[in-house]
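Convention: sequence-line order gives letters A, B, ...; per-chain numbering from 1. Since this is a predicted model, take the numbers as computed values, not measurements.
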Amino acid sequence: MSTPATPKGAAGLRAEDVKPRSAKGRPIAKAGRLAGWLDDRTGSAKPVNYLLKKVFPDHWSFMLGEIAMFSLVIVLITGTFLTFWFVPSAGRVIYNGSYVPLKGIEMSEAFKSTVDISFDVRGGLIMRQIHHWSALMFIVSITVHMFRVFFTGAFRKPREVNWVIGTILSLLAINEGFAGYSLPDDLLSGTGLRAAEGFMQSIPVLGSYVAYFVFGGAFPGEAIIPRLYTVHVLLLPAIIVGLFTAHIVLVAVHKHTQYPGPGKTNDNVVGYPMMPVYMAKAGGFLFIVFGITTLISALVTINPIWLYGPYDPSPVTAGSQPDWYMGFADGALRLFPGFFEFNAFGFTLSLNVFIPALVVMPLLYGIAGAYPFIESWVTGDKREHHLLDRPRNAPTRSGLGVMALTFYFILFFAAGNDLIAIKLGLSINDITRTLQVLLIVVPPLAYWVTKRICMSLQRRDRDLVLHGRETGRLVRTAEGKFFEAHEPLSEHERWALVQHEPIKALRRSANVDANGVRKRGALGDHLRAKVSGFYFADGVHPVTPAELAAAHHDGSAHEAIASTPEWVGQLHGGADERPETDAYAPHEHQEDHQVDPDSTTAR
Amino acid sequence: MTEHGTEPTAADTGEPRTAVRLDQGHIKGTGGIPARFSDPGLAPHVHRLADREEKAARRAERQVAALFGISIVATVVFLVAYFGIDLYTYRFIPGIGQANLSNVVLGVSLGLSLLCIGLGAVHWAKTLMPDTEVTESRHPQRSSGQARADAVETIMAGGEASQLARRPLIKYTLGGALGLFAIPLVLQLAGSLGPLPHAELSTTFWRKGMRLMRDPQLTPIKATDVTIGSVFHVMPEGIDKAVHLLEEKGKAAVLLMRLDPDDILIAKERDWGHDGIVAYSKICTHVGCPVGLYEQQTHHLLCPCHQSTFDVTRDCTVIFGPAHRPLPQLKITVDSEGYLVADSPFREAVGPSFWERG
């Protein structure tokens with residue numbers, strides 16, 4: 001703080017002001033003055049400076065969320081464009097526009113205006129296609145972003161809330177997409193709405209009322225298009241944008257997670273500052289996403305509703321599929337056997353529709369949303385985690401994740417069982433039956449295989465740390481024996497493989513206290529010890545310095561150092577005959593290896 | 001301490017370090033070797049070509065500028081194409097086929113104009129902007145104990161100051177008011193959304209004596225026109241005069257097929273038909289898609305939405321797929337002029353199941 005000056009009138013006060021100066025000492029020109037004007041009125045200099053200096057870590061997988069964010073921007077821009085021409089009305093009109101095959105056909109105003117956007121509004125088709133493609137991109141990137149967050153454990157404390165927000169966003173996004181592609185009132189989407197009405201009817205007790213309320217009477221009615229329109233352009237976007245904002249604010253508050261590596265700790269963020277690097281990279285990436293989406297939209301037709309024709313409840317096309325993100329729900333409907341419909345006391349309980357159509361989706365999302373809390377209960381870990389897990393270092397979590405994905409993708413493929421049957425020339429019945437069996441059998445197998453692969457990868461990491469990299473250089477000893485020289489990992493390379501914490505399964509605490517009285521919560525403890533054992537009992541732990549030292553000392557390539565002493569010295573075909581510096585320090589790097597320990601001790 | 005037993009872990013306390021000997025078993029935590037490795041810190045920075053050579057930096061600059069330049073050109077192309085290309089021009093474009101020229105040119109130029117800005121900016125960031133890593137420290141999310149205590153204190157003091165606890169009359173009436181105020185808003189919405197279904201889901205447009213009409217031509221069908229193996233999409237006579245056309249069509253759609261009467265295995269099916277001609281609801285009993293695919297040889301009806309398969313020789317019972325109930329049959333006969341007519345309305349609800357359907 002400067003010392004208070006004697007008042008010298010307004011001019012004097014101004015003279016006391018420190019002129020904003022750039023780093024090189026030049027006064028910042030106009031931009032600085034505008035910023036000063038703004039700061040005078042908002043005090044934004046400090047937060048803006050903080051944000052501009054904010055550090056983001058660099059990794060390709062962090063761009064998945066960015067693609068989702070930018071796709072949201074693109075759908076909002078193109079969607080606004082479409083609202084200027086789209087007429088959300090089921091009112092009947094006779095088409096008399098420029099697309100000849102539809103001339104004279106009766107259709108809804110919604111369908112007609114969509115055809116008009118596609119053919120008679122200049123640039124309308126490209127906007128429509130960008131809107132549809134970027135909506136698909138939005139949901140794909142949300143989904144893959146979710147995988148990234150799950151498999152790296154980024155949902156752990158303090159980010160559980162943000163994971164839940166993300167899960168809700170994902171659920172809302174697919175419903176927003178459904179509402180959107182139902183709006184043009186073409187034959188395909190109308191058939192989708194017909195099925196949706198059937199889902200509602202299957203709700204126990206209230207079904208027919210819910211359907212009549214949503215559709216404003218009998219299907220299709222005139223109410224559903226304008227109602228869906230409000231949901232699609234106002235209600236859901238408002239919630240999505242609100243939750244998305246919260247999602248991003250929380251990312252800023254928590255600071256981005258980072259992958260483990262040398263110099264990266266749980267207490268820092270290593271990366272590049274917002275200004276200028278991320279301004280250019282992320283800003284540029286927005287344009288890249290927009291540009292690629294636009295190129296796809298220019299070259300690949302999507303949802304050509306003029307070929308489907310207007311909706312009519314009587315005709316249908318073969319191969320009626322929803323957009324991809326509704327595939328899993330549609331697949332569930334196709335696989336769920338019909339005998340789950342029951343009749344009793346004059347009432348019908350249609351669980352063959354209700355469960356796959358209305359229970360599976362919220363159930364899957366509910367489990368996903370609850371997962372961080374389940375895992376933190378199992379580990380009993382209440383610390384903050386800002387360093388990501390490599391998926392292999394969490395074998396059980398990765399296994400469970402792949403199990404869920406397998407379940408999801410079998411349902412997804414089931415939604416195309418008719419297309420698979422046609423393309424592969426197989427029987428649809430065989431395919432459906434097979435998928436029904438696979439849905440139950442494959443996910444547990446996928447869990448087991450993934451877990452084993454992760455553990456094998458962990459063992460490979462151990463091997464690499466203990467015995468270094470195979471150089472392919474054979475050394476012949478004076479006695480005529482051969483061995484392959486191994487090159488040790490550098491300190492920095494090694495750290496990435498040994499930095500993670502070894503997690504041991506929780507032990508079950510005694511059921512009774514010192515006085516022999518049964519403890520409260522003993523059952524919960526017992527369960528938790530069981531689940532913890534399921535997660536961590538067979539964990540592969542990172543190499544410790546002692547193990548590495550032992551491996552070097554011994555020259556053995558074996559991992560379980562103490563257990564099989566008879567192997568000592570055998571694996572390298574005679575490495576024991578020579579000082580292990582020969583085996584582990586390749587001659588060309590010998591000076592590095594020799595210098596290293598000395599320099600560390602000198603430090 | 002042997003030289004090769006020394007493990008070059010950095011930042012150690014400098015205690016003497018020795019390896020464990022295998023012949024002594026795996027000894028943990030002795031000999032001064034730390035239990036875990038320690039973080040060696042950031043790897044040394046490697047400078048990029050453009051950091052070291054001004055020539056490379058200038059090349060990168062030109063590349064970035066070229067990308068921005070392409071973007072400018074693409075935007076100009078967009079503007080020219082917007083006004084210059086007729087909206088109804090179709091051209092053959094390799095790899096795509098016949099396509100609207102305006103759409104393709106506008107899209108490609110817009111896409112390139114956007115893409116090149118992005119590529120330029122990213123290339124700029126990757127080649128010329130500083131790439132030395134910066135470290136920012138984190139702080140726990142948890143507020144300090146004092147701040148937490150203060151917040152609780154503020155809330156409690158506020159509650160105390162409002163005298164909520166001491167004045168139960170206010171507490172309970174406020175609770176009641178807040179609990180109830182949303183009901184009118186919800187009721188207004190829910191109550192006005194739609195009419196009650198009453199029996200509408202169980203009835204259709206079909207009445208006794210209505211002729212079966214071809215869909216969409218709406219011409220009557222003579223029994224003699226229906227040859228064995230043929231299938232007709234059918235609507236009731238007068239449906240085009242219906243007030244709610246689509247709603248009625250959604251329930252009244254019927255499929256008409258003629259089988260060899262000997263192929264029909266169920267007596268009721270034969271009785272409700274006419275000389276092997278049978279009429280069934282076209283609306284799937286699963287979720288209501290039109291059951292649009294008829295397999296002539298096997299007499300199977302297949303729903304294209306979820307592949308429920310109905311056997312027409314056995315009163316359209318489900319033989320495969322997620323549907324449970326057979327398709328309802330429409331009882332038909334022939335009028336004095338030889339046209340097919342309904343002999344009665346549908347005797348059960350058509351379409352997807354619902355609770356009170358029975």
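- Both the backbone and the side chain of B/Y82 come within contact range of chain A, judged by heavy atoms closer than 4.5 Å.
- Contact annotation for B/V318: neither backbone nor side-chain heavy atoms come within less than 4.5 Å of a heavy atom of chain A.
- Contact count versus chain A (heavy atoms, under 4.5 Å) is highest, among B/L119, B/N100, B/L106, for B/L119.
- Both the backbone and the side chain of B/H286 have a heavy atom closer than 4.5 Å to some heavy atom of chain A.
- Looking at B/K282, the atoms closer than 4.5 Å to chain A (heavy atoms on both sides) all sit in the side chain, from C-beta outward.
- Side-chain contact between B/F310 and B/L302 is absent, with no heavy atoms from C-beta onward closer than 4.5 Å.
- A/F347 and B/W355 have parallel rings, their planes meeting at less than 30° on a 0 to 90° scale where 60° marks the start of perpendicular.
- Between chain A and the residues B/P197, B/P290, B/P304, the largest count of heavy-atom pairs under 4.5 Å involves B/P197.
- With no hydrogens or angles considered, no side-chain donor-acceptor pair links B/H139 and A/D267 at under 3.5 Å.
- Each of B/E133, B/M129, B/M235, B/Q307 has some count of heavy-atom pairs under 4.5 Å with chain A, and the biggest count is that of B/Q307.
- Between chain A and the options B/S137, B/A81, B/A125, the largest number of non-hydrogen pairs under 4.5 Å is found for B/S137.
- The part of A/F219 that comes within reach of chain B is its backbone (N, CA, C, O), which places non-hydrogen atoms under 4.5 angstrom from that chain.
- The SG atoms of B/C289 and B/C305 sit under 2.5 Å apart.
- In this structure, the portion of A/T317 lying under 4.5 Å from any heavy atom of chain B is its backbone and not its side chain.
- For the residue pair B/S353/B/R325, the side-chain donor-acceptor check at 3.5 Å is satisfied.
- Enclosure of atom NZ in A/K54 by more than 12 non-hydrogen atoms of other residues, nucleotides or ligands within 6.0 angstrom is indicated.
- Contact count versus chain A (heavy atoms, under 4.5 Å) is highest, among B/V108, B/L245, B/L110, B/V254, for B/V108.
- Contacts of A/F336 with chain B are made by backbone atoms alone, with heavy-atom separations under 4.5 Å and no side-chain atom involved.
- Residue A/Q499 touches chain B through its backbone alone, counting heavy-atom pairs closer than 4.5 Å.
- When heavy atoms are compared at a cutoff of 4.5 Å, A/I130 approaches chain B solely by way of its side chain, counted from C-beta outward.
- Looking at B/I96, the atoms closer than 4.5 Å to chain A (heavy atoms on both sides) all sit in the side chain, from C-beta outward.
- Evaluation of the ring pair (Phe, Tyr, Trp, His ring centres under 6.0 Å) rule for A/Y272 yields no partner, not counting sequence neighbours.
- Side chains of A/D312 and A/S314: no donor on one and acceptor on the other come within 3.5 Å.
- Residue A/F213 touches chain B through both its backbone and its side chain, counting heavy-atom pairs closer than 4.5 Å.
- Among B/A253, B/G292, B/G288, the residue making the largest number of heavy-atom pairs under 4.5 Å with chain A is B/G288.
- Both the backbone and the side chain of B/A43 come within less than 4.5 Å of a heavy atom in chain A.
- Under 3.5 Å, the side chains of A/N268 and B/T135 contain no donor-acceptor pair of N or O atoms.
- Within the 4.5 angstrom heavy-atom criterion, only side-chain atoms of B/I283, from C-beta onward, approach chain A.
- Looking at A/N417, only its side chain comes within 4.5 Å of chain B, counting heavy atoms on both sides.
- Using a 3.5 Å distance cut-off with no hydrogens or angles, the side chains of B/N103 and B/Y90 do not pair a donor with an acceptor.
- Contacts between B/T132 and chain A at a heavy-atom distance below 4.5 Å involve the backbone alone (N, CA, C, O).
- Both the backbone and the side chain of A/S208 have a heavy atom closer than 4.5 Å to some heavy atom of chain B.
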